[in-house]
> 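Dropping the structure in here first, questions after.
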Amino acid sequence: MIKKIISELLKEIIRDLWGIKEIVFEVEKPKKENYGDYSTNLALVLKKEVNFAPLKIAKKIVKKLEEKTFLFSKVDIVSPGFINFWISKDYYIENLKKILKLKEKYGSVDIGQGKKVIIEFVSANPTGPLHIGHARGAAYGDSLARILSFTGYKVVKEYYINDKGTQMDILGASVYLRIKELKGEKIVFPENYYKGNYIYDIAREVLGTYPYLLSMDENKAIEFCKDLAIKIILEDIKNSLENFRVFYDNWYSEKSLYENKKVEKVLNILREKNLIYEKEGALWFKSTLFGDEKDRVVVRSTGEATYFAGDMVYHYEKFIERKFDLAINIWGADHHGYINRLKAALNSFGIDSERLKIILIQMVNLIEDGERKSMSTRQGEFVELKELINEVGVDASRFIFLSRSPDTPLDFDIELAKKRSQENPVYYVQYAHARICSIFEKAKNLKINYLFLDEIDFEKLKEKEELELLKKLEEFQETIEFASNFLAPYKITYYLLELAKQFHEYYSKYRILSDDLSLTCARLNLCLGCKIVLKKGLELLGVFAPEKM
RNA sequence: GCGCCCGUAGCUCAAUUGGAUAGAGCAUUGGACUACGAAUCCAAAGGUUGCAGGUUCGAGUCCUGCCGGGCGCGCCA
């Protein structure tokens, strides 16, 4: 990539000139086009090192640079000491040829170098259907997985199932009560039980499987209700996610950690390290020793392990037993208070807690009739993922979720999202793709053969907009690299909107299919480059690139 | 009270992780289809980046203190 090439060139020059080997400087794309395609602050940074005026330093560097390469069509020095580079068109044309050759592999940089990474996301309790907040996490996690595997990581997508603990017991009891109700018994439904209508559906299903449930021992019956309810709900969650185009490699059960005695084993390790103590009848982990603000209970006075204990073990497994190099957890922002605790646990195992990256996703606010309603104030009337898929559609919702950085709250206006119009940016990008496909359809009918790369005269691409498009296509590689390094799928979303915009502008100003056959062929290949990149970018977001709309 | 996140155009968000004159979309106003798809394009207008200091060649970005909003602070998950 060109940034690296320039960077290496510059390093070589300052080594020759002043013998400087280590220095931090930037090569970047300036916002304004009259500052060139790329720009460096090298001379400014060097000021302290060589004790010259930056402009003088820049002059020396540029002189050397001109002796070395023909890559640039122009190099400029601007006060206070920036050096600006204009890249020759040949480079961008070579890059277009690269795209046409690599096709869907274009943009793939090997950043991960085969490192094993586990992405854990959604992981909602199986106590009810997924809602719109989970959908944001699902879109984000899935897209991240696509981006990381595209950039050389070995990715495993996992859903951690909290199938154990108080909430599950309440779920079982809720179903049991509803069954009693269905059988005509008078019941009092406690405040903290699950009130959703789906509990009735589950109750009916349980009753179908165990018709004589109510004559069983109550505890045993509730246990049956619980197990079956979890199974039914998980099935439903899995289904919704698949409809949202999210497929997991693994569903990891919290309960299994206990059944396989893994919790015991890990607690023993901690005991041996003298990191566990007893107080008020409970077992505590000394997490303050590893940067947490207070010690945490791992086994309650009732003898039951806490959720945290299970999570410690789960992460022990991730790193020590399953040997992942990196773990990425995607959590709702309301879990931020939990981060220090878990990182403390990792540290206590001797695992560098930097290997665990926790992405906090901010809340999704619903906009209804122009008013903002947070999910929690809506009380039970969550917009379900299923509803979202049916009414808004997978493409539009994923695109909206992925058009923001995870750390800003997202306002989701369902009515707006439903509109298939200019207000909905996903169609803007998809339309660019469909338009290109439509041109190819027409070219095919006209029997234009534009696929013989060696015979294409790319010098025919003389318009300013054409050069701009070529540059934009080159930028895709940097965008991918950035998105991968900073776990930022929204960068790709923005890139696609920009590319689509440039294409639409170009399309409406110039004709692709004209009487000039060699020009037509050159332009068709430029379009093909756009199509490849649009499709790939959308694919990394989990959005389809339709040929017709 | 303590901790985390956020505050940028009327609205929703960007700004290449410290770069140059802060950019898009929507909404508003005015224009463009008898040649490749008008789900498009062109143009106008819109700003003291919440406030006040500090760090430096250079701050929307980093530091400190306020103001405003969200979320946490369980032997819940």
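Hydrogens, waters and symmetry mates are skipped; everything else that's a heavy atom, side chains included, is used. Here is how names work: the chains are called A, B, and so on, in the same order as the sequence lines, proteins then strands, and each is numbered from 1. Everything numeric here is computed off the predicted structure, so don't read it as measured data.
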> Does A/K442 have any salt bridge (Lys or Arg N to Asp or Glu O under 4.0 Å) partners at least two apart in sequence or in another chain, and if so, which?
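Partners of A/K442 by the salt bridge (Lys or Arg N to Asp or Glu O under 4.0 Å) criterion come out as none, since no residue qualifies.
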> Any Lys/Arg nitrogen of A/K29 or A/D37 sitting under 4.0 Å from an Asp/Glu carboxylate oxygen of the other?
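Here A/K29 does not pair with A/D37 in a salt bridge, since their nearest N and O are not under 4.0 Å apart.
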> If each of A/E26 and A/N84 is mapped to the nucleotide of RNA chain B with the nearest heavy atom, which maps nearer the 5' terminus, i.e. the 5' end?
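By nearest-heavy-atom nucleotide position, the 5'-most residue is A/E26.
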> Using the P atoms only, state how far B/rG50 lies from B/rU34, rounded to an integer number of Å.
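Per the computed distance, 47 Å lies between those P atoms.
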> Respond yes when some side-chain nitrogen or oxygen of A/K501 is under 4.0 Å from OP1 or OP2 of B/rG25, and no when none is.
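Result: yes.
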> B/rU55 and B/rC63: how far apart are their P atoms, nearest whole angstrom?
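After rounding to an integer number of Å, I get 15 Å for this pair.
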> Taking the side chain as C-beta and beyond, is there a heavy-atom pair between A/I61 and A/L42 under 4.5 Å?
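Result yes, sub-4.5 Å side-chain heavy-atom pair found.
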> Check this for me: does any side-chain nitrogen of one of A/E120 and A/K318 sit under 4.0 Å from a carboxylate oxygen of the other?
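So A/E120 pairs with A/K318 through a salt bridge.
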> Where does B/rU17 land, syn or anti, given syn is within 90° of 0?
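Chi for B/rU17 falls in the syn range.
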> Could you pull out the closest heavy-atom pair between A/P546 and A/H433, with the gap in Å?
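Looking at all heavy atoms of both residues, the shortest contact is O-ND1, 2.9 Å.
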> Polar atom pairs between nucleotides 31-35 of chain B and protein, under 3.5 Å, N or O only, would you list them?
unit_1 : atom_1 : unit_2 : atom_2 : d
B/rA35 : O2'    : A/R511 : NH1    : 3.4
B/rA35 : N3     : A/R511 : NE     : 3.2

> Within less than 4.0 Å of OP1 or OP2 of B/rA20, is there a side-chain N or O belonging to A/K31?
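For B/rA20, OP1 or OP2 has a side-chain N or O of A/K31 closer than 4.0 Å.
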> Considering only NZ, NE, NH1 and NH2 on the basic side and carboxylate oxygens on the acidic side, decide whether A/E468 and A/K472 come within less than 4.0 Å.
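No.
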> Does A/I358 reach the side chain of A/L360, with side-chain heavy atoms less than 4.5 Å apart?
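A side-chain contact exists here, since the closest heavy-atom pair is under 4.5 Å.
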> So if I take every side-chain heavy atom of A/N34 and compare against B/rU21, B/rG37, B/rC36, which nucleotide ends up nearest?
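For the A/N34 side chain, the nearest candidate turns out to be B/rU21.
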> Are any of the side-chain heavy atoms of A/V429 and A/F399 separated by less than 4.5 Å?
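The answer is yes, as the side chains (C-beta and beyond) meet within the 4.5 Å cut-off.
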> Is B/rC63 syn or is it anti, if syn means the base angle is within 90 degrees of 0?
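Anti conformation here, the glycosidic angle of B/rC63 being more than 90° from 0.
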> In terms of relative ring orientation, are A/Y490 and A/Y494 parallel, tilted or perpendicular, with 30° and 60° separating the classes?
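Rings of A/Y490 and A/Y494: perpendicular, over 60°.
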> Regarding A/K548, tell me which of base, sugar-phosphate or nothing describes its non-hydrogen contacts under 4.0 Å with the strands shown.
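Base, at least one base atom sits under 4.0 Å.
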> Within this structure, what is the CD-to-C1' distance between A/E505 and B/rA38, rounded to whole angstrom?
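Between C1' of B/rA38 and CD of A/E505: 15 Å.
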> Should stems be defined as at least three consecutive Watson-Crick or G-U pairs with both distances under 3.5 angstrom, which of them involve RNA chain B?
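Stem list for RNA chain B: B:1-7 with B:67-73, B:10-13 with B:23-26, B:28-32 with B:40-44, B:50-54 with B:62-66.
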> Each nucleotide in nucleotides 72-77 of chain B should get exactly one letter: B, S or -. Can you fill that in based on protein heavy atoms under 4.0 Å?
S-SBSB
> Within the structure, does a side-chain N or O atom of A/Y495 lie under 4.0 Å from either OP1 or OP2 of B/rA24?
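No, outside the criterion.
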> Suppose you measure atom C1' in B/rG10 against the same atom in B/rA27; what distance do you get, rounded to whole Å?
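Rounded to whole Å, the distance is 8 Å.
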> Ring centres within less than 5.5 Å and planes less than 30° apart: is that true of A/F82 and B/rA20 in this structure?
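Stacking between A/F82 and B/rA20: present.
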> For A/Q362, which contact category applies under a 4.0 Å heavy-atom criterion: base, sugar-phosphate, or nothing?
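Sugar-phosphate only.
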> Where the side chain of A/L44 is defined as all heavy atoms beyond and including C-beta, which of B/rU16, B/rG19, B/rA20 is the nearest nucleotide?
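Nearest to the side-chain atoms of A/L44, counting from C-beta on, is B/rG19.
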> Hey, which sits more toward the 5' end of RNA chain B by its nearest nucleotide, A/Y38 or A/E478?
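By nearest-heavy-atom nucleotide position, the 5'-most residue is A/E478.
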> Expressed in angstrom and rounded to an integer, what is the separation of A/K491 atom NZ from B/rG23 atom C1'?
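In whole Å, B/rG23 C1' lies 12 Å from A/K491 NZ.
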> A/Y506 near the nucleic acid: base, sugar-phosphate alone, or nothing, with a heavy-atom cut-off under 4.0 Å?
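Nothing, no heavy atom under 4.0 Å.
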> A/A443 near the nucleic acid: base, sugar-phosphate alone, or nothing, with a heavy-atom cut-off under 4.0 Å?
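If one applies the 4.0 Å heavy-atom cut-off, A/A443 turns out to touch nothing in the nucleic acid.
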> Using atom names, set out every protein N or O paired with an N or O of nucleotides 47-50 of chain B below 3.5 Å, distance rounded to 0.1 Å.
none

> Counting the benzene-type ring for Trp, do A/F440 and A/Y450 have ring centres under 6.0 Å apart?
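Centroid separation for A/F440 and A/Y450: below 6.0 Å.
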> Rounded off to whole Å, could you give me the CG-to-P distance for the A/L497 and B/rA39 pair?
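Whole-Å distance recorded here is 18 Å.
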> Going by 5.5 Å between centroids and 30° between planes, is there a stack of A/Y35 over B/rA20?
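Stack criterion met.
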> How far does the C1' atom of B/rC57 sit from the matching atom of B/rC51, given to the nearest Å?
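Straight-line distance between the two C1' atoms is 27 Å.
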> Rounded to whole angstrom, note down the C1' distance from B/rG23 over to B/rG46.
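B/rG23 and B/rG46 have their C1' atoms separated by 13 Å.
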> Using atom C1' of each nucleotide, how far apart are B/rG47 and B/rA24 to the nearest Å?
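Each nucleotide's C1' atom is 15 Å from the other's.
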> What about A/Y160 and A/W251, are their ring centers closer than 6.0 Å?
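No: the rings miss the under 6.0 Å criterion.
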> Please confirm whether A/Y159 and A/Y252 have ring centers closer than 6.0 angstrom.
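No; A/Y252 has its ring centre 6.0 Å or more from that of A/Y159.
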> Tell me the interatomic distance from A/E28, atom CD, to B/rA20, atom P, rounded to whole angstroms.
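Spelled out: CD on A/E28 to P on B/rA20 is 8 Å.
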> Within less than 4.0 Å of OP1 or OP2 of B/rG19, is there a side-chain N or O belonging to A/K29?
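It does not, given that no N or O in the side chain of A/K29 lies less than 4.0 Å from OP1 or OP2 of B/rG19.
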> Pull out every residue in residues 399-408 of chain A that has a heavy atom closer than 4.0 Å to any atom of RNA chain B, ordered by number, or say none.
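Those residues whose heavy atoms fall under 4.0 Å from RNA chain B, taken from residues 399-408 of chain A in numerical order, are A/R404, A/S405, A/D407, A/T408.
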> Taking the C1' atom in each of B/rG18 and B/rG25, what is the distance between them to the nearest angstrom?
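It works out to 28 Å between them.
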> Do the ring centers of A/Y277 and A/F285 come within less than 6.0 Å of each other?
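That pair fails the under 6.0 Å test.
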> Using OP1 and OP2 only, check whether a side-chain N or O of A/S508 sits under 4.0 Å from B/rC41.
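No, no such contact exists.
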> Is any NZ, NE, NH1 or NH2 atom of the basic residue among A/E498 and A/K501 found under 4.0 Å from an Asp or Glu carboxylate oxygen of the other?
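A/K501 and A/E498: not salt-bridged.
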> Could you state the atom-to-atom distance from CG of A/D411 to C1' of B/rC6 in whole Å?
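Nearest whole value for this atom pair: 12 Å.
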> Once you round it to whole Å, what is the distance between P of B/rG70 and CD1 of A/I361?
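My rounded result for the distance is 21 Å.
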> Mind checking if A/P409 touches a base, just sugar-phosphate, or nothing, with heavy atoms under 4.0 Å?
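It contacts sugar-phosphate atoms only.
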> A/F503 has an atom CZ; how far is it from atom P of B/rC36, in whole Å?
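A/F503 atom CZ is separated from B/rC36 atom P by 13 Å.
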> Does A/N34, at its CG atom, have more than 12 non-hydrogen atoms belonging to other residues, nucleotides or ligands within less than 6.0 Å?
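For A/N34, atom CG is crowded (more than 12 foreign heavy atoms under 6.0 Å).
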> Around atom NZ of A/K262, are there more than 12 heavy atoms from other residues, nucleotides or ligands closer than 6.0 Å?
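Yes, enclosed.
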> Figure out the OH/P separation between A/Y428 and B/rC13, and round it to whole Å.
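Rounded to the whole Å, the gap is 21 Å.
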> If we check side chain to side chain contact (heavy atoms under 4.5 Å, CB included) with A/I512, which of these qualifies: A/L526, A/I436, A/L524?
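Exactly one option meets the side chain to side chain contact (heavy atoms under 4.5 Å, CB included) with A/I512, and it is A/L524.
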> Taking NZ, NE, NH1 and NH2 as the nitrogens, is one of them in A/D227 or A/K231 under 4.0 Å from a carboxylate oxygen of the other?
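No salt bridge links A/D227 with A/K231.
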> Do the side chains of A/N84 and A/Y38 get nearer than 4.5 Å, heavy atoms only?
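A/Y38 does not reach A/N84 side chain to side chain.
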> I'd like the C1' distance from B/rG69 over to B/rC76, given in whole Å.
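Here B/rC76 and B/rG69 have their C1' atoms 27 Å from each other.
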> Among A/K509, A/R523, A/K471, A/K460, find the one that has a salt bridge (charged side-chain N to carboxylate O under 4.0 Å, His left out) with A/E466.
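Going through the options one by one, the only one that passes is A/R523.
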